[in-house]
Amino acid sequence: MNEKEIIKNLEKYNQPRLINILNKVDEKTKKEILEEVSLINLKEIERLYANIKDTVEVDVGELKPVKSINPDKLSKEELDKYENIGIDILKNNKFAVIIMSGGEGTRLGYNGPKGTLKINVEPKPKYLFEIMADSMQRANKKYGITIPWYIMTSNKNNDKIVEFMEEHNYFGYPKDYVGFFKQGELPLITEDGQLVLDENYRIRKAADGNGSVFKSMRERGVLDEMKEKGIEWVYIGQIDNILLKMVDTLLLGVTIKEGSEIGTRSVFKDFPRERMGTLCLKNGNVKVIEYSEIPEDMIEAKNENGEMLFGESNITCNLFSLKAIDKISLKDLPYHKAHKKYSYMDENCKMVEPSDPNAYKFEYFIFDSFEYFNQISVVRGKREEDFAPIKNKEGVQSPETAVKLYNDYWRRHADERM
Ligand code: UTP
């Protein structure tokens, strides 16, 4: 597209602020902005803007609880049977791990990618990437294998993460088995549908959510690479859960035995209205919903054992078959919008610091991929064993609470340390 065509397109898609700025900047800056605009799908931006105004869908549909396996209720023989299926996959090099690290970590407010945060665990402080590397190495040693480890980064943090891992010699993980791939990003849009420029005259964009992992795997060649390596199962977890068990042989075994394409570790709600994403079947498909979407008479419903019917909750500890990833990577997951505060350049090329949220960011969520399946295998985990997230600077789900959970865990499992 030439200059005239790009500007015409900006007019067509109603971007007067950008056009005003283009009329005020020097030729070099103008060329750079236009080049960036030419790579943006303005039609898609229009669609995103329409999405801002969408109201929330209130389709209750038919809700059913998911089946789950509680390992505490299994005999030693049953546990072994499942685990051996999982171990077989590991030993035949059919398993890989992805750690998603493309998030902005805004709530934590740490200046750098979350994985490069050092926390005060016992017996010595560790970086989050180091904790992940240690966990993978324990599994490698236990099973006599080397698991391919992929780290999903964003455009913004990729170089910092790669440099950090190089600088720390991959925390002893065999470098040839570590891969990085960037996720996608989407432009921000202001409340009046305008694209936003930052102080360097670049269009402000943000990572497009953890659900970007599937498309990004396809676009960055990771899916093909895994196929070539004979990988059949991929664990996808998040960098900020320091009790993540990515090499989960029980989950692998249960998922394969039940003939599912997706498996997940859940935790059980403490009380019916606890604010957690609830796993259920909605109109026959797997879905994660808020407790507020469960009809009032069902929130407190119990099964024949007196347990909450809708208690299994999502903690983003997910296992996917490569076939499932292949399928999902071709789908358009729905967008979720977040209303946030972003500085922007006004028509006179002056930066404005808003005091209230002024723009929308758009994200795909990994759990929306479940909806393409009518079955999911759920293995019930425990908060103290599986879930120590670091989301906030202080208070709940902060480094302080996660460190306590981590230290307590390792006191109970001292014999499993490397
Ligand atoms: P969160 O959704 O909790 O977001 O990410 P965040 O970026 O860490 O923190 P906030 O919301 O800005 O405070 C859950 C996991 O998904 C990854 C994160 O790195 C984390 O491991 N993630 C999130 C991505 O990889 N990409 C994204 O675009 C968003």
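In this chain, residues are counted from 1 in sequence order. Whatever order the structure lists ligands and atoms in, that order sets their numbers, starting from 1.
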Would you check if the distance from the ring center of F367 to the ring center of F365 is below 6.0 Å? yes
Identify, for atom 8 (O) of ligand 1, the protein heavy atom at the shortest distance, and state residue, atom and that distance. K114 NZ, 3.0 Å
Suppose we measure from atom 28 (O) of ligand 1 to each protein heavy atom; which comes out shortest, and what is that distance? G209 N, 2.8 Å
Report yes if K340 has an N/O atom closer than 3.5 Å to an N/O atom of ligand 1; otherwise report no. no
Could you list the donor-acceptor pairs under 3.5 angstrom formed between side-chain atoms of residues 386-396 and any protein atom two or more places apart in sequence or on another chain?
residue: D386; atom: OD2; partner: K382; partner atom: N; Å: 2.8
residue: K391; atom: NZ; partner: D240; partner atom: OD2; Å: 2.9
residue: N392; atom: ND2; partner: V396; partner atom: O; Å: 2.9

For K215, is there any backbone N or O sitting under 3.5 Å from a side-chain donor or acceptor partner on Y364? no
M152 neighbourhood, listing ligand 1 atoms whose heavy-atom distance to it stays under 4.0 Å: 25 (O)
Where is the nearest protein heavy atom to atom 11 (O) of ligand 1: which residue, which atom, and how far? R107 NH2, 3.0 Å
Under a 4.0 Å N-O cut-off, is there an ion pair linking K302 with E307? no
Starting from atom 25 (O) of ligand 1, what is the nearest protein heavy atom, named by residue and atom, and what distance separates them? G102 N, 2.8 Å
How far is atom 6 (P) of ligand 1 from its nearest protein heavy atom, and which residue and atom is that? G105 N, 3.6 Å
E312 and S266: side-chain donor and acceptor closer than 3.5 Å? yes
Gap separating the CD1 atom of I189 from the CD atom of Q15, nearest 0.5 angstrom: 8.0 Å
Can you name the one residue among Y372, F373, Y235, F214 that meets ring-ring contact (aromatic ring centres under 6.0 Å, His included) with F320? F214
In ligand 1, the atoms that come under 4.0 Å of a heavy atom of D240 are 8 (O), 20 (C)
shortest atom 14 (C) of ligand 1-to-protein heavy-atom contact is with Q238 OE1, 2.9 Å
With C317, the side-chain contact (heavy atoms from CB on, under 4.5 Å) member among V379, V267, N241, L251: N241
Are side-chain heavy atoms of D356 and K341 found at a separation under 4.5 Å? no
Check ligand 1 against A207 and write out every atom of the ligand that is under 4.0 Å from a heavy-atom position of the residue. 28 (O)
When you measure from atom 22 (N) of ligand 1 to every protein heavy atom, which one gives the shortest distance, and what is it? G103 N, 3.5 Å
For K391, take its heavy atoms, then give the atoms of ligand 1 lying under 4.0 Å from any of them. 1 (P), 3 (O), 5 (O), 14 (C)
among protein heavy atoms, the one nearest atom 12 (O) of ligand 1 is T106 OG1, 2.6 Å
Can we call the ring centroids of H168 and Y127 under 6.0 Å apart? yes
I'd like the name of whichever of M100, E363, Q183 reaches closest to atom 26 (N) of ligand 1 through any heavy atom. Q183
For ligand 1, which atoms sit closer than 4.0 Å to a heavy atom of I239? 19 (O), 21 (O)
